[in-house]
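See structure below.
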Amino acid sequence: MSDVVVTTAELDRRTIRRSDFVSCNQAFIDCRTPGSDRKENYAMIGPGVSQSSGQHVNLRLPHGFQIGAAAMPNGVTNNLHLHYTAEVFICTEGEYLLRWGADGDEGELTLKAGDVASIPTWIFRGFTNTGPDDGWMFTVLGMDNTGGIIWGPSVLREAEGHGLYLTADNKLIDTVAGDEVPADTELTQPMAQEYIDRLRSYSTEQMNRRVAASDELVWSDRPFLDSTLPGGGARLSCVIGYGMTEDLHQEPRIHNPHGHNAAWLRAEPGQGVSWHRQHETQALIVKDGLWEVTLNRTDPVSVRLGPRDILSVPEGAWRTLRNVGESEGDVLIVNGGDGRVRLEWDEEVVKAAADAGLGVDHNGYVAPYALLPRSARR
């Protein structure tokens with residue numbers, strides 16, 4: 001892999017701070033539905049499934065996944081809809097009641113701060129902020145082209161009563177704002193019952209297996225080659241897919257393909273992940289703490305990230321990640337692709353690990369250095 005050098009300007013372009021988020025309150029057809037009219041929608045990486053031409057997108061660079069968010073005051077609802085690609089909810093603040101089924105009555109679960117839920121494709125889902133204050137829900141959607149969404153039949157019917165229509169090519173028509181419905185335009189119709197009957201049903205128990213609750217996370221204390229080295233020491237909890245773990249015994253909570261993988265990284269002050277690089281796209285979403293990311297082994301450039309800040313790390317760029325705050329911090333790491341992420345470590349890290357009796361085997365897992373073939377002893 002050739003060296004990728006990241007300029008300060010490129011780092012700035014890929015850094016999306018909390019203060020950079022721009023909400024859109026007319027992103028979807030339910031924007032006038034009572035109980036949903038105060039919902040704020042955000043698109044940080046990719047346009048997501050927004051149906052508004054006015055939706056601000058912070059970074060349109062393709063990643064193989066997209067990141068957005070929904071901010072909702074207490075009692076506000078995101079109505080029932082269906083996705084073609086993976087939808088992952090990351091609740092960082094507040095409390096949400098998740099429900100599913102064509103009428104929203106097949107089951108429900110509560111998501112709290114730190115919980116991650118992967119919702120199956122081709123089922124209707126919606127959620128309501130049931131917490132006492134404003135809540136914040138990040139979303140990660142699979143693929144660069146999501147195909148849009150299908151709204152629940154009742155949502156489309158109610159929206160029509162508020163002058164809102166959706167074209168077959170996923171464009172929102174607002175007759176209250178002066179839009180006209182062209183005579184030759186095909187409008188989206190509510191899903192026919194024959195198709196609803198074919199959708200898979202999920203029990204509460206089945207859906208619960210797709211939730212990585214913050215108080216049930218399983219952590220590896222030694223997920224990387226540098227785990228026992230100065231500058232390393234970060235812990236990892238695999239949520240979706242095996243991702244970047246080098247711990248042979250670690251398994252993810254959710255296994256099925258999403259087009260991306262996701263894991264929580266946790267570190268005490270001064271800990272992190274040493275110099276390494278990877279082929280895959282990567283985005284970091286900070287939940288809490290203060291994190292410093294440095295890119296380039298020569299001519300390094302750095303950025304500090306706080307809660308809700310997002311960084312898109314270029315493929316192939318050398319990087320380090322460190323908690324520079326005064327308390328323990330968590331960051332969600334999202335990598336593109338369904339396969340494992342093979343890390344390439346800096347030679348100095350490899351040598352220091354070998355001195356400590358550790359290396360990486362041919363399957364990409366940390367192993368005793370003395371047991372590795374000579375060809376693997378770099």
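Positions are given from 1, in the same order as the sequence printed here.
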Could you check whether [X] makes a cation-pi contact with [Y], meaning its NZ or CZ is under 6.0 Å from the centre of the six-membered ring and within 45° of the ring axis?
| X | Y | value |
| --- | --- | --- |
| Arg297 | Trp318 | yes |
| Arg340 | Tyr365 | yes |
| Arg200 | Tyr202 | yes |

Using only atom types and a distance under 3.5 Å, with no angle test, would you say the side chain of [X] pairs donor to acceptor with the backbone of [Y]?
| X | Y | result |
| --- | --- | --- |
| Arg308 | Arg18 | no |
| Glu246 | Val366 | no |
| Thr128 | Thr77 | no |
| Asn58 | Asp20 | yes |
| His276 | Ser274 | yes |
| Thr188 | Thr167 | yes |
| Arg253 | Val211 | yes |
| Asn145 | Gly147 | yes |
| Arg210 | Asn208 | no |
| Gln66 | Met143 | yes |

Is the closest basic N to carboxylate O distance between [X] and [Y] below 4.0 Å?
| X | Y | answer |
| --- | --- | --- |
| Lys351 | Glu347 | no |
| Glu10 | Arg13 | yes |
| Asp174 | Arg32 | yes |
| Asp309 | Arg304 | no |

Testing the 3.5 Å rule here: is there a donor-acceptor pair between the side chains of [X] and [Y]?
| X | Y | answer |
| --- | --- | --- |
| Thr245 | Asp247 | no |
| Gln278 | Asn335 | yes |
| Glu344 | Trp275 | no |
| Gln193 | Tyr195 | no |
| Arg14 | Ser312 | yes |

Distance-minimising heavy-atom pair for [X] and [Y]:
| X | Y | result |
| --- | --- | --- |
| Gln271 | Ala267 | O-CB, 3.7 Å |
| Ala263 | Cys238 | CB-CA, 4.0 Å |
| Asn296 | Val301 | ND2-CG2, 3.8 Å |
| Thr146 | Gly48 | OG1-O, 3.7 Å |

Evaluate whether atom [atom1] of [X] has more than 12 neighbouring non-hydrogen atoms of other residues, nucleotides or ligands under 6.0 angstrom away.
| X | atom1 | result |
| --- | --- | --- |
| Asp355 | CG | yes |
| Glu326 | CD | no |
| Arg235 | CZ | yes |
| His279 | NE2 | no |

Please round to the nearest 0.5 Å and tell me the distance separating atom [atom1] of [X] and atom [atom2] of [Y].
| X | Y | atom1 | atom2 | value |
| --- | --- | --- | --- | --- |
| Asn129 | Leu111 | CG | CG | 11.5 Å |
| Ile90 | Leu332 | CD1 | CG | 5.5 Å |
| Glu95 | Asp133 | CD | CG | 11.0 Å |
| Glu93 | Met137 | CD | CE | 12.0 Å |
| Thr139 | Leu141 | OG1 | CG | 5.0 Å |
| Tyr42 | Cys24 | OH | SG | 10.5 Å |

- Query: Would you call the rings of Trp122 and Tyr84 parallel, tilted or perpendicular if under 30° counts as parallel and over 60° as perpendicular?
  - Reply: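 Plane angle over 60°, so perpendicular.
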Ring-plane angle category for Tyr242 and His255, please: parallel below 30°, perpendicular beyond 60°, tilted otherwise.
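Answer is perpendicular, since the angle exceeds 60°.
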Report yes if some heavy atom in the side chain of [X] is under 4.5 Å from a heavy atom in the side chain of [Y]; otherwise report no.
| X | Y | value |
| --- | --- | --- |
| Arg209 | Ile254 | no |
| Pro314 | Gln282 | no |
| Ile45 | Arg60 | no |
| Gln250 | Ser220 | yes |
| Met191 | Phe124 | yes |
| Leu371 | Tyr369 | no |
| Ile310 | Ile67 | yes |
| Leu164 | Ile173 | no |

Item checked: side chain to side chain contact (heavy atoms under 4.5 Å, CB included) between Glu40 and Met72, intermediate numbers included -> CA-CA 6 Å; Glu40 296 180 347; Met72 300 160 55; over 6 Å; no
Exercise. Are the aromatic ring centres of Tyr96 and Trp136 under 6.0 angstrom apart?
Worked result: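 Here the rings of Trp136 and Tyr96 have centres that are no less than 6.0 Å from each other.
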Can you check whether Phe89 and Phe138 have ring centres sitting under 6.0 Å from each other?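 Centroid distance Phe89-Phe138: not below 6.0 Å, so no.
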Requested in this report: Go through the steps to decide whether Glu158 and Trp151 satisfy the test side-chain hydrogen bond (donor to acceptor under 3.5 Å, both in side chains), and finish with yes or no.
Outcome: CA-CA 11 Å; Glu158 186 164 6; Trp151 288 100; over 6 Å; no
Q. Would Leu284 and Val303 show up in the same hydrophobic cluster when neighbours are defined by side-chain heavy atoms closer than 4.5 Å?
A. yes
- Item | Linked, directly or transitively: Val349 and Leu265 (ILVMFWY side chains, under 4.5 Å) | yes
* Asked: Per the side-chain contact (heavy atoms from CB on, under 4.5 Å) rule, which among Val286, Ile285, Leu321, Thr15 passes with Leu311?
  ->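 It is Thr15, the one option of Val286, Ile285, Leu321, Thr15 that forms the side-chain contact (heavy atoms from CB on, under 4.5 Å) with Leu311.
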From the list Ile149, Ile119, Leu199, side-chain contact (heavy atoms from CB on, under 4.5 Å) partner of Leu82 resolves to Leu199
Tested for salt bridge (charged side-chain N to carboxylate O under 4.0 Å, His left out) against Arg266, the lone hit among Asp288, Asp221, Asp330 is Asp330
Under the side-chain hydrogen bond (donor to acceptor under 3.5 Å, both in side chains) criterion, do Ser118 and His258 qualify, and how do the steps go?
CA-CA 9 Å; Ser118 171; His258 283 60; 2.5 Å; yes
Q: Determine, step by step, whether Glu108 and Leu98 satisfy the side chain to side chain contact (heavy atoms under 4.5 Å, CB included) criterion, reporting the C-alpha distance in whole Å, the side-chain angles of both residues, the deciding distance to 0.1 Å, and the verdict.
A: CA-CA 5 Å; Glu108 59 182 39; Leu98 171 69; over 6 Å; no
